[in-house]
Colleague: 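Encoded as structure tokens, here's the structure I'll be asking about.
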Amino acid sequence: MDKAKAMKDFFDRVAEGWDEGNQERSGVRESLIKSLPIKTGDRVLDVGCGTGVITGVLHSMSKEKVTAIDISPKMIEIAKSKEQPLVNEYICGDFTACDFKHSYDAAVMFNCYPHFMDREALKTALTNSLKKDSYFAIVHNNGRGELFACHKRHMDYSRNILSPEDEAVFYNDYFELIKAEEGPDYYYLLLRLRGAECR
């Protein structure tokens with residue numbers, strides 16, 4: 001089976017129970033997302049949006065239509081059901097196959113980064129989607145220990161991630177490190193696309 005199809009099918013299967021798992025630590029989640037440097041008027045990408053757990057928060061920060069993208073049709077269907085369809089834009093597809101032509105001021109990945117197995121393809125998609133001096137954030141309201149425990153049964157669909165500082169090294173040819181922090185119940189990496197738009 002094609003890897004992308006296998007990933008899509010996996011997330012379609014878990015979509016119905018996804019929000020239940022995201023109820024815990026909602027305060028930590030909101031605090032982390034609201035600390036991002038997103039301002040009114042920014043165009044924001046919610047990458048791997050799942051059921052739209054943070055899409056509404058990003059919209060409240062930017063006051064602009066958020067582009068939320070996920071590979072799972074079921075996840076997108078649930079995300080759309082949560083609000084008026086004109087508030088945000090929902091795309092069912094593989095972000096790493098997209099080229100948004102340097103249209104966005106920020107790209108946020110919440111609780112999904114380990115499922116992006118091809119970091120090189122992710123980096124290319126980000127540099128093709130973001131404006132110069134824009135932001136890329138990886139946020140989890142779980143620590144790496146919890147992520148490993150949760151994902152170890154599903155390693156066909158996820159990978160172990162490094163510390164925020166070590167993950168940042170992979171991106172440092174195009175992005176500068178702004179903030180890297182982690183704790184038992186969170187993971188936070190904020191990068192900025194440096195200089196001129198690239199690729």
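What you are looking at is a predicted structure, and each value in this text was computed from that prediction instead of being measured.
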Colleague: Could you tell me whether Arg159 sits above the aromatic face of Tyr113, with NZ or CZ closer than 6.0 angstrom to the six-membered ring centre and within 45 degrees of the axis?
Modeller: yes

Colleague: So does Arg43 get a backbone contact from the side chain of Asp105, meaning a donor-acceptor N/O pair under 3.5 Å?
Modeller: yes

Colleague: Do Thr67 and Ile91 make a side-chain contact, defined as non-hydrogen atoms from C-beta onward lying under 4.5 Å apart?
Modeller: yes

Colleague: Are Tyr187 and Val169 in one and the same hydrophobic cluster, where Ile, Leu, Val, Met, Phe, Trp and Tyr link if side-chain heavy atoms are under 4.5 Å apart?
Modeller: no

Colleague: In the structure I gave you, are the side-chain heavy atoms of Phe95 and Leu122 within less than 4.5 Å of one another anywhere?
Modeller: yes

Colleague: Backbone N or O of Glu64 within a donor-acceptor pair of the His59 side chain at under 3.5 Å?
Modeller: yes

Colleague: With distance as the sole test, does Asp166 use its side chain to make a donor-acceptor pair with the main-chain N or O of Leu162 at under 3.5 Å?
Modeller: no

Colleague: Checking the side chain of Asn142 only, and the main-chain atoms of Tyr186 only, is there a donor and an acceptor separated by less than 3.5 Å?
Modeller: no

Colleague: Regarding Arg144 and Glu182, does a basic nitrogen lie under 4.0 Å from an acidic carboxylate oxygen?
Modeller: yes

Colleague: Please say whether more than 12 non-hydrogen atoms of neighbouring residues, nucleotides or ligands are located less than 6.0 Å from CD in Glu176.
Modeller: yes

Colleague: Are Asp46 and Thr55 close enough that a side-chain donor and a side-chain acceptor fall under 3.5 Å?
Modeller: yes

Colleague: Does the side chain of Asp94 pick up a donor-acceptor pair with the side chain of Thr96 at under 3.5 Å?
Modeller: yes

Colleague: Measure from the side-chain N and O atoms of Asn172 to the backbone N and O of Phe175, and report whether any donor-acceptor pair falls under 3.5 Å.
Modeller: no

Colleague: Between Lys8 and Asp12, does any side-chain N to carboxylate O distance fall below 4.0 Å?
Modeller: yes

Colleague: Decide whether Ile138 and Phe170 are clustered together by the hydrophobic rule: side chain heavy atoms of Ile, Leu, Val, Met, Phe, Trp, Tyr closer than 4.5 Å, transitively.
Modeller: yes

Colleague: Looking at Asn128 and Ala125, would you say the former's side chain and the latter's main chain have a donor-acceptor pair under 3.5 Å?
Modeller: no

Colleague: Report yes or no: is the cationic atom of Lys131 (NZ for Lys, CZ for Arg) closer than 6.0 Å to the six-membered ring centre of Tyr104, at no more than 45° off its axis?
Modeller: no

Colleague: Tell me whether Met75 is reachable from Met117 by hopping between hydrophobic residues (I, L, V, M, F, W, Y) whose side-chain heavy atoms are closer than 4.5 Å.
Modeller: yes

Colleague: Is it the case that one hydrophobic cluster holds both Ile178 and Val44, taking links as side-chain heavy atoms less than 4.5 Å apart, direct or via other members?
Modeller: yes

Colleague: Quickly, which of Leu58, Ile76, Val66 forms a side-chain contact (heavy atoms from CB on, under 4.5 Å) with Cys49? Name it, please.
Modeller: Ile76

Colleague: Check for a donor-acceptor pair, side chain of Arg29 on one end and backbone N or O of His140 on the other, with a separation under 3.5 Å.
Modeller: no

Colleague: Are the side chain of Ser35 and the backbone N or O of Leu32 linked by a donor-acceptor pair below 3.5 Å?
Modeller: yes

Colleague: Sequence neighbours left out, what passes ring pair (Phe, Tyr, Trp, His ring centres under 6.0 Å) with Tyr188? Give chain and number order.
Modeller: none

Colleague: Do the non-hydrogen side-chain atoms of Val139 and Ile33 ever get within less than 4.5 Å of each other?
Modeller: yes

Colleague: Can any side-chain N or O of His102 pair as donor or acceptor with the backbone N or O of Leu130 at less than 3.5 Å?
Modeller: yes

Colleague: Minimum heavy-atom separation for Cys112 and Val47, please, with both atom names.
Modeller: SG-O, 3.3 Å

Colleague: With no hydrogens and no angle check, just 3.5 Å: does a side-chain donor-acceptor pair link Asn141 and Asn111?
Modeller: yes

Colleague: What pair of heavy atoms forms the shortest contact from Glu146 to Pro184, and how long is it?
Modeller: OE1-O, 3.4 Å

